[in-house]
Amino acid sequence: MPRPVRVRIAPSPTGTIHLGLARTALFNWAFARRSGGRFVLRIEDTDRERSTSESEQEIIEGLSWLGIEWDEGPDRGGPFGPYRQSERIESHREAARTLLEAGRAYRCFCTPKRLAELREGQQARKETAAYDRRCRALDPAEAAARADAGEPFALRFAVPPGETRVDDLVRGEVVFQNVDIDDWIMVRGDGNPTYNFVVVCDDAAMEISHVVRGEEHLVNTPKQVQLFAALDSRPPRFAHLPLMLGGDRKKLSKRAGDVSLEDYRAKGYPTGAILNFLALQGWALDGETEVFSTRRFVEAFRLEDVSKGGAVFDADKFRWLAGEYLRAESPADLAGHCAPFAAAAGLLDERQLTERAEWFEAVVAGERERISLYSELPDRIAYLFAADDAVAWEAKAEKNARKQGGALLAEYLEWLRPRLTGGVDAPALREATRAWIAERGAAFGVLFQPLRCALAGKAGGPDLFDIMAWLGGEACLRRIAVAIERLAAVREGER
RNA sequence: GGCCCCUUCGUCUAGUCUGGCCUAGGACACCAGGUUUUCAUCCUGGCGACAGGGGUUCAAAUCCCCUAGGGGUCACCA
């Protein structure tokens, strides 16, 4: 019998947003949208030591920045609240009590020391490390008496005999033998519940219909399925997403480089590119189309189409995709996205950005083919802000300039001087300069290479006459004059 | 090591369920050429894979079995 689609992500607020979490969020969200269901954000702050409200904020802010929106969550409430696990502790205690009374859970008085020794022995004998279920044999009344007397205990789930089947939407049916499932701890000695316990209690209480998460959780699933049964609650369908892998083909981790969403935000990846790339990790639109909108993704997304094998994170492809999105932006949008990076680099302050908005937009539009990330702009245009007599020359630019020599440049400067008084008319100047070079029977490069070096100090870049227009006539003339001297002076020095 | 999952170009993947249209398609990267005042963008072309072995079948990347390899997980973490 079908039930309303309700999915969730349950991140623990213990750090930054991992790309894996971002993808899980994206897939859950897309699935909910596609099926007309609800997407829930639940903060999994079971680990009180490591959970912080800053991290929770970061999760909320980061996912919002990406454009992923949840229907219920700690920041916006909802009919199944509260949405922070720590605030649901009473219901967890209640569930634990019920399970204990029903005999589905039992008190374990084993000390951490004994457990450690047990584990060591099992490992030494190459046996499966699992609790030996010693306390499961205890008489409930006796156990209750010991607990009343103040003896510390943990609560373990009593795994029943038999087997557990998980009908995974991505992987098909997966069967586990219950003897292989440990009598895992539901409530710790200090009274705090564990993740595997609360996650099921909350999923049940919030009527979660589908659990879509990373493959590392697949082995937890039988424990959870058994708990749903013990709770007399209908279990959700499961879908385990393939892992995102690092270059070593192991689970993507900090070791592999930048794995947090914030890293990519700081580097200036367009949000559309991030979403698009994440969608491609374990899913494909039609096998042909690589660049597609979030809208198309949502329309076409089906859990059944998710691939099973792990996906190695391809930083090159991600960067390429970023460039595709960046280049598709309007000049105004692109300028707006690049502005903070230009400001951070100390090129322009906010006031200048406002006053010279049109100018900045033109510059950004002129550089767009050469950058893939917003953060790459400042380096490309820094020369525009250099002092005219101190433009940094790249080695290759200088080499090109030197190959052609400054003679023609000096001649050009004299020709140019009277033509720049009334501002720079790029198209007209381009035409006139071409004619001027043709008159002399020279190749374009003989003038353009030294000129490019003089103006920008770079071997490549936008159209020279656009650069002149951005720079303004006075600056151009000064830079060319300085370059003529510089080219001549060094030649002297070489002798 | 136990349990579980996975296996198509270097990488992301289409094709696998419903065997034939697959001399296996697309993309990134790489290489070559073209366009351009340069760089880049862009365009064209090239390189490059069904892990191995059996079986079923007229026919297998697609179905079955075995082997190998990789990964995940084995906490009073989440």
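Everything numeric here is computed off the predicted structure, so don't read it as measured data. Naming: A, B, ... by sequence-line order, numbering from 1 per chain.
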[N] pairs with which nucleotide, Watson-Crick or G-U wobble, both distances below 3.5 Å?
N: B/C58; value: B/G20
N: B/G2; value: B/U73
N: B/A68; value: B/U7

### Query
What about A/R370, does its side chain sit under 3.5 Å from the base of B/C39 through a donor-acceptor pair?
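Indeed there is one.
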Name the nucleic acid region contacted by [X], choosing base, sugar-phosphate or nothing; use a 4.0 angstrom heavy-atom cut-off, strictly under.
X: A/L280; value: sugar-phosphate
X: A/F444; value: sugar-phosphate
X: A/N196; value: base
X: A/N220; value: base
X: A/C110; value: base
X: A/G189; value: base
X: A/Q281; value: sugar-phosphate
X: A/G461; value: base
X: A/G282; value: sugar-phosphate

### Query
For RNA chain B, which residues in residues 175-182 of chain A have a heavy atom at a distance below 4.0 Å?
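Result for residues 175-182 of chain A: A/V175, A/F176, A/D180, sorted by number.
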### Task
For nucleotides 24-36 of chain B, just jot down a letter per nucleotide in 5' to 3' order: B, S or -, based on protein non-hydrogen atoms under 4.0 Å.
-BBBBS-------
### Message
A cation-pi test, strictly: NZ or CZ of A/R430 under 6.0 Å from the centre of the six-membered ring of A/F465 and no more than 45 degrees from its axis. Yes or no?
### Response
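Judged by the rule, A/R430 and A/F465 form no cation-pi pair.
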Pick the [atom1] atom in [N] and in [M], then give their distance to the nearest Å.
N: B/G20; M: B/A61; atom1: P; result: 10 Å
N: B/A49; M: B/U23; atom1: C1'; result: 15 Å
N: B/G19; M: B/G72; atom1: P; result: 35 Å
N: B/C31; M: B/C21; atom1: C1'; result: 32 Å
N: B/C76; M: B/G71; atom1: C1'; result: 28 Å
N: B/C9; M: B/C50; atom1: C1'; result: 10 Å
N: B/U41; M: B/A59; atom1: P; result: 49 Å
N: B/G70; M: B/G26; atom1: C1'; result: 26 Å

### Query
For the residue pair A/R402 and A/L487, what are the closest heavy atoms and their distance?
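Looks like NH1-O, 3.5 Å.
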### Query
Which nucleotide, B/U41, B/A78, B/C76, lies nearest any side-chain atom of A/S12?
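Nearest to the side chain of A/S12 among the choices is B/A78.
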What's the [atom1]-[atom2] distance between [X] and [N], to the nearest Å?
X: A/L321; N: B/U13; atom1: CG; atom2: P; result: 14 Å
X: A/R452; N: B/A40; atom1: CZ; atom2: C1'; result: 11 Å
X: A/D168; N: B/C17; atom1: CG; atom2: P; result: 20 Å
X: A/W184; N: B/C74; atom1: CH2; atom2: P; result: 14 Å
X: A/Y106; N: B/C76; atom1: OH; atom2: C1'; result: 13 Å
X: A/K308; N: B/U8; atom1: NZ; atom2: P; result: 12 Å
X: A/L455; N: B/C39; atom1: CG; atom2: C1'; result: 15 Å
X: A/L334; N: B/U41; atom1: CG; atom2: C1'; result: 14 Å

### Task
Only pairs at least two apart or in different chains count here, so list each side-chain hydrogen bond (donor to acceptor under 3.5 Å, both in side chains) that has a residue in residues 150-165 of chain A.
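Applying side-chain hydrogen bond (donor to acceptor under 3.5 Å, both in side chains) to every pair that reaches into residues 150-165 of chain A, excluding sequence neighbours, yields A/R146-A/E151, A/E163-A/R165, A/E163-A/Q177, A/T164-A/N178, A/T164-A/Q226, A/R165-A/E173.
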### Nearest-nucleotide 5' precedence on RNA chain B, A/A459 against A/A154
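This one resolves to A/A459.
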### Message
Both A/R430 and A/V187 contact RNA chain B. Taking the nearest nucleotide for each, which residue is further toward the 5' end?
### Response
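With A/R430 and A/V187 compared, the 5'-side residue is A/R430.
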From [X] atom [atom1] to [Y] atom [atom2], the distance as rounded to the nearest 0.5 Å:
X: A/C108; Y: A/F157; atom1: SG; atom2: CZ; result: 15.0 Å
X: A/L19; Y: A/L26; atom1: CG; atom2: CG; result: 11.5 Å
X: A/C110; Y: A/R133; atom1: SG; atom2: CZ; result: 13.0 Å

### Message
Before you tell me yes or no, could you show the steps for A/L280 and A/F297 under side chain to side chain contact (heavy atoms under 4.5 Å, CB included), namely the whole-Å CA-CA distance, both residues' side-chain angles and the distance that decides it to 0.1 Å?
### Response
CA-CA 10 Å; A/L280 251 12; A/F297 172 57; over 6 Å; no
### Sequence-distant partners of A/Q122, side-chain hydrogen bond (donor to acceptor under 3.5 Å, both in side chains), two or more places apart
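With neighbours one apart ignored, the set is empty.
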### Message
Does B/C76 have OP1 or OP2 under 4.0 Å away from a side-chain N or O of A/R119?
### Response
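A/R119 to B/C76 OP1/OP2: side-chain N or O found under 4.0 Å.
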#### Entry: Short side-chain N/O contact from A/S307 to OP1 or OP2 of B/U13, under 4.0 Å
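So the side chain of A/S307 is within the cut-off, an N or O lying under 4.0 Å from OP1 or OP2 of B/U13.
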Please write out each protein N/O paired with an N/O of nucleotides 65-72 of chain B under 3.5 Å, distance rounded to 0.1 Å.
residue: B/G71; atom: OP1; partner: A/K250; partner atom: NZ; Å: 2.7
residue: B/G72; atom: OP1; partner: A/K251; partner atom: N; Å: 3.2

### Query
Got a salt bridge between A/R171 and A/E215, using NZ or NE/NH1/NH2 to carboxylate O under 4.0 Å?
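A/E215 and A/R171: salt-bridged.
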### Message
With ring pair (Phe, Tyr, Trp, His ring centres under 6.0 Å) as the criterion, how do A/F301 and A/F27 come out once you've worked through the C-alpha distance, each side chain's angles and the decisive distance to 0.1 Å?
### Response
CA-CA 8 Å; A/F301 182 71; A/F27 281 32; 5.0 Å; yes
### Message
Do A/Y195 and A/N220 pair up side chain to side chain, a donor and an acceptor below 3.5 Å, judged on atom types alone?
### Response
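Side chains of A/Y195 and A/N220: no pair found under 3.5 Å.
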### Flag for A/H210-A/N28: side-chain donor and acceptor within less than 3.5 Å
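Side chains of A/N28 and A/H210: no pair found under 3.5 Å.
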With a 3.5 Å cut-off and sequence neighbours excluded, list the donor-acceptor pairs that the side chains of residues 444-452 of chain A form with protein atoms.
residue: A/Q449; atom: OE1; partner: A/Q404; partner atom: NE2; Å: 3.3
residue: A/R452; atom: NH1; partner: A/P462; partner atom: O; Å: 3.0
residue: A/R452; atom: NH2; partner: A/P462; partner atom: O; Å: 3.0

### Query
Do A/V40 and A/W70 have side chains that get closer than 4.5 Å, going by heavy atoms?
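Not touching, per the 4.5 Å side-chain cut-off.
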### Query
Around A/E49, counting heavy atoms of other residues, nucleotides and ligands shown, do more than 12 lie under 6.0 Å from its CD?
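No, not enclosed.
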